[in-house]
Amino acid sequence: MKKSQPLLPLMFMLAGFLLSGMVSCSDKDDDEPKTPVIIPGGDGHEDGDSTEAGEKPDTTVAAKAAIGWPANYDGVMLQAFYWDSYSDTQWSVLTAQSDELSQYFQLIWIPNSGMTSDYYHSRRQTMGYDPCFWLDHNSCWGTEAELKQMVSTFRQRGTGIIEDVVINHKNGLTTWVDFPDESVGAYSVTWDNTNYSAICSNDECNSAANLSKWSSNGQKTTGAVDTGDNFDGYRDLDHTNTTVQENVNTYLSFLLNEVGYAGFRYDMVKGFSARYVGKYNATAQPQYSVGECWDSNKTVVTNWLNGTKQEGQIQSAAFDFPLKYHINTAFGSGSWSALSQAVLANDESYQRYAVTFVDNHDTYRENYRLRTNVCAANAFILCMPGTPCLFLKHWQQYKGTLKRLIAARRAAGITNQSKITAATASSNGYILSVQGTKGVLTLVLGAADVTLYDGQLVTEGKNFKLYADTGIDLSAVKAVTDEDAQPEDNMTVTIPDFCTVADGETCAFFEAPTTWGSQIKCWRWDNHYNYTGNQWPGVDCTLLGTATSGRKVWKWTFNATHRVSQSSTNEGIIFNDGTNQTADLPFQNGGYYTEDGLQGVVSAK
């Protein structure tokens with residue numbers, strides 16, 4: 001089919017903005033890791049470890065070479081689990097949704113499917129980050145037959161399944177250190193359960209406090225020193241050990257060729273040298289590979305990517321954790337300039353290998369969760385280069401909005417290497433334009449002032465509006481009839497007259513969600529002091545009254561007796577009820593806040 005010439009970016013006037021392209025910067029490391037040398041015999045360790053809209057991309061498992069992640073990839077991924085999602089993520093439950101999910105997602109990431117020792121002994125459910133068996137995939141998520149049926153069903157519909165591969169560490173079967181030998185058909189893994197040479201010598205199991213818990217004669221594990229960060233939970237595998245490497249290669253081959261996975265999500269890759277992910281992928285040749293290099297520092301993540309190189313080629317993508325942190329800052333506290341910071345997705349040298357996300361199973365259950373403007377944040381990653389990975393909880397809550405956004409990305413032809421043509425922030429919002437193969441999408445975030453001379457409104461929601469070139473076919477977007485199960489509140493905030501500030505007073509106001517508890521507390525700090533007693537969750541706020549929205553308004557006023565010396569790398573203010581809390585918000589004296597961030601300022605009278 002002949003493709004029409006993409007239209008020029010939308011013409012618009014920006015009040016208070018100077019539209020400019022986002023500058024790419026590269027942290028590319030020219031020092032490539034040396035090719036490891038395997039010494040035959042000896043101690044068994046290495047020496048010197050240092051398309052068209054509506055069409056779907058090919059998800060064939062086999063690839064001619066390990067490429068890390070496809071270039072110009074236009075797919076979207078779903079993380080199909082959250083912490084303790086034992087009902088929602090049953091293999092049979094996901095299979096039943098295959099017709100719907102495969103229309104919107106080309107890749108689906110599922111939990112580790114191997115049997116754990118807890119499940120082996122007592123059928124106890126765990127998330128799979130305590131791996132024990134590598135070739136037995138009967139688990140709390142379903143039987144191995146159900147797993148293979150799910151993988152096959154999705155594959156027939158053009159969607160690949162990504163396995164959560166946990167090879168940084170491993171759990172014993174009956175003790176801390178005894179790994180089960182396994183044999184299935186042509187696949188076999190065996191372990192040294194005499195000298196325990198597969199386990200790093202500096203694993204915590206060898207400490208004075210722990211040794212007696214598994215060793216009756218004081219014997220310790222004999223592997224090499226860990227090549228990465230320690231994981232204080234299960235046994236850290238020694239990836240310099242040739243038996244470990246052979247077993248990992250067998251395991252990955254089993255996942256691809258026996259189970260039918262399309263690729264891997266490597267867990268906790270900071271726990272062992274990046275070179276081993278490169279070596280394993282060069283052998284297994286998955287079409288898709290992404291590593292969890294959890295760090296807010298972009299250079300740390302790009303160094304990991306470069307560390308996977310084999311013959312000069314990066315062998316895996318990485319989750320864009322630096323972008324995740326900036327998303328929290330921008331969408332959680334209204335600091336829109338955070339979206340202009342250098343991340344993988346806006347760097348042309350690395351955007352191919354960027355897997356972007358708003359939340360995952362870990363961040364969602366911890367203080368890293370984005371608690372507001374969730375649809376706007378998903379709109380942002382679905383308009384950006386990189387491969388967006390949506391979170392199951394968000395899909396369940398905002399399915400209608402997310403379907404329209406995915407359809408818009410596909411209609412415009414946005415890929416993981418699309419060009420950012422404009423990216424501009426102000427105190428009120430942010431404007432992003434990205435050139436796809438079929439036209440430009442322009443996303444307006446917050447209250448950014450924009451007058452469009454051309455283009456069509458695709459969809460809108462709380463703090464975002466998405467526009468497309470007039471030449472883009474939006475029929476797939478308009479065909480979506482789903483509504484969000486839990487629509488985000490898009491209320492207008494009006495500061496009540498009863499909010500006042502006295503001369504010399506240091507204070508802040510908070511309009512609390514109706515679902516929060518009966519007592520709101522404040523936590524306020526800077527680099528040198530905590531101004532709320534320095535004991536979480538902080539000090540009580542005073543109830544002032546009820547806003548026109550029907551929500552209660554609280555006030556915190558600084559009391560000098562609550563100032564405590566402390567040291568912090570950042571500063572801000574948090575409102576909470578002991579359970580729910582806002583993000584870290586920038587403090588403004590007299591500021592009027594909601595869970596979305598600063599809404600206005602009350603001046604002293």
Side-chain angles (χ1 to χ4, degrees), residues 33 35-36 38 46 58-71 73 77 107-114 128 131 133-137 144 147-148 151-152 155 160-170 182-190 198 227-228 237-269 271-293 304-305 307-319 352-353 355 387:
T35 302
I38 306 294
E46 293 180 3
D58 180 21
T59 55
T60 303
V61 172
K64 292 183 179 180
I67 56 174
W69 203 268
Y73 182 62
M77 182 159 66
L107 295 172
I108 295 180
W109 161 28
I110 63 171
N112 185 287
S113 58
F133 290 89
W134 282 0
L135 304 183
D136 187 333
H137 289 262
E144 185 168 315
L147 170 66
K148 291 182 177 180
V151 171
S152 175
R155 185 168 184 166
I161 303 296
I162 302 295
E163 165 72 324
D164 202 319
V165 173
V166 186
I167 56 172
N168 169 71
H169 53 271
K170 189 172 173 68
E182 303 176 72
S183 181
V184 177
Y187 301 91
S188 178
V189 295
T190 59
T227 60
L237 292 178
D238 172 16
H239 287 273
T240 72
N241 183 282
T242 53
T243 298
V244 171
Q245 294 177 14
E246 291 168 358
N247 286 346
V248 170
N249 287 334
T250 297
Y251 173 43
L252 298 182
S253 177
F254 183 88
L255 294 176
L256 291 177
N257 301 307
E258 182 67 21
V259 181
Y261 283 109
F264 313 132
R265 177 265 186 188
Y266 285 99
D267 179 62
M268 196 183 169
V269 296
F272 57 104
S273 174
R275 63 185 293 192
Y276 296 108
V277 169
K279 284 166 58 72
Y280 297 143
N281 279 352
T283 299
Q285 297 192 15
Q287 190 171 3
Y288 306 97
S289 170
V290 56
E292 182 207 26
C293 186
W304 182 83
L305 288 169
T308 70
K309 284 181 178 179
Q310 296 285 302
E311 299 182 359
Q313 174 69 56
I314 290 174
Q315 297 294 304
S316 180
F319 285 104
R352 167 180 170 179
Y353 303 106
V355 177
T387 299

List the residues meeting salt bridge (charged side-chain N to carboxylate O under 4.0 Å, His left out) with Asp164, not counting sequence neighbours, and say none if there are none.
Arg265

[atom1] of [X] to [atom2] of [Y]: how many Å apart, nearest 0.5 Å?
| X | Y | atom1 | atom2 | result |
| --- | --- | --- | --- | --- |
| Lys170 | Phe133 | NZ | CZ | 8.0 Å |
| Asn241 | Asn247 | CG | CG | 8.5 Å |
| Thr250 | Trp134 | OG1 | CH2 | 9.0 Å |
| Tyr261 | Arg155 | OH | CZ | 13.0 Å |
| Leu107 | Ile162 | CG | CD1 | 4.5 Å |
| Asn281 | Gln285 | CG | CD | 9.5 Å |

Scan for salt bridge (charged side-chain N to carboxylate O under 4.0 Å, His left out) pairs involving residues 246-263, sequence neighbours excluded, and state none if there are none.
Lys148-Glu258

Residues which pass ring-ring contact (aromatic ring centres under 6.0 Å, His included) with Phe319, listed by chain and number, not counting sequence neighbours:
Trp109, Phe357

For Glu163 and Ile110, what are the C-alpha separation, side-chain angles and deciding distance, and is it a side chain to side chain contact (heavy atoms under 4.5 Å, CB included)?
CA-CA 6 Å; Glu163 165 72 324; Ile110 63 171; 4.3 Å; yes

Among all residues two or more places apart in sequence or in another chain, which pass the side chain to side chain donor-acceptor pair (under 3.5 Å) test with [X]?
| X | result |
| --- | --- |
| Ser188 | none |
| Ser316 | Ser289 |
| His137 | Ser113 |

Within a strict 4.5 Å, meaning less than it, do heavy atoms of the [X] and [Y] side chains meet?
| X | Y | result |
| --- | --- | --- |
| Trp69 | Ile314 | no |
| Tyr266 | Tyr280 | yes |
| His169 | Asp267 | yes |
| Val165 | Tyr251 | yes |
| Phe272 | Leu237 | no |

Under the criterion side chain to side chain contact (heavy atoms under 4.5 Å, CB included), I'd like the reasoning laid out for Phe254 against Glu182: C-alpha separation, chi angles, the key distance, then a yes or no.
CA-CA 12 Å; Phe254 183 88; Glu182 303 176 72; over 6 Å; no

Show the numbers, then the answer: is there a side chain to side chain contact (heavy atoms under 4.5 Å, CB included) between Glu144 and Val259?
CA-CA 9 Å; Glu144 185 168 315; Val259 181; 5.6 Å; no

Please name all residues satisfying side chain to side chain contact (heavy atoms under 4.5 Å, CB included) with Ser253, sequence neighbours left out, ordered by chain then number.
Tyr187, Asn257

Under the side chain to side chain contact (heavy atoms under 4.5 Å, CB included) test, residues paired with Ala274 that sit two or more places apart
Trp304, Thr308

Minimum heavy-atom separation for Leu256 and Gly263, please, with both atom names.
CD2-N, 4.2 Å

Does the ring centre of Tyr288 sit less than 6.0 Å away from the ring centre of Tyr73?
yes

Stepwise, does the side chain to side chain contact (heavy atoms under 4.5 Å, CB included) test hold for Gln245 with His239?
CA-CA 6 Å; Gln245 294 177 14; His239 287 273; 5.5 Å; no

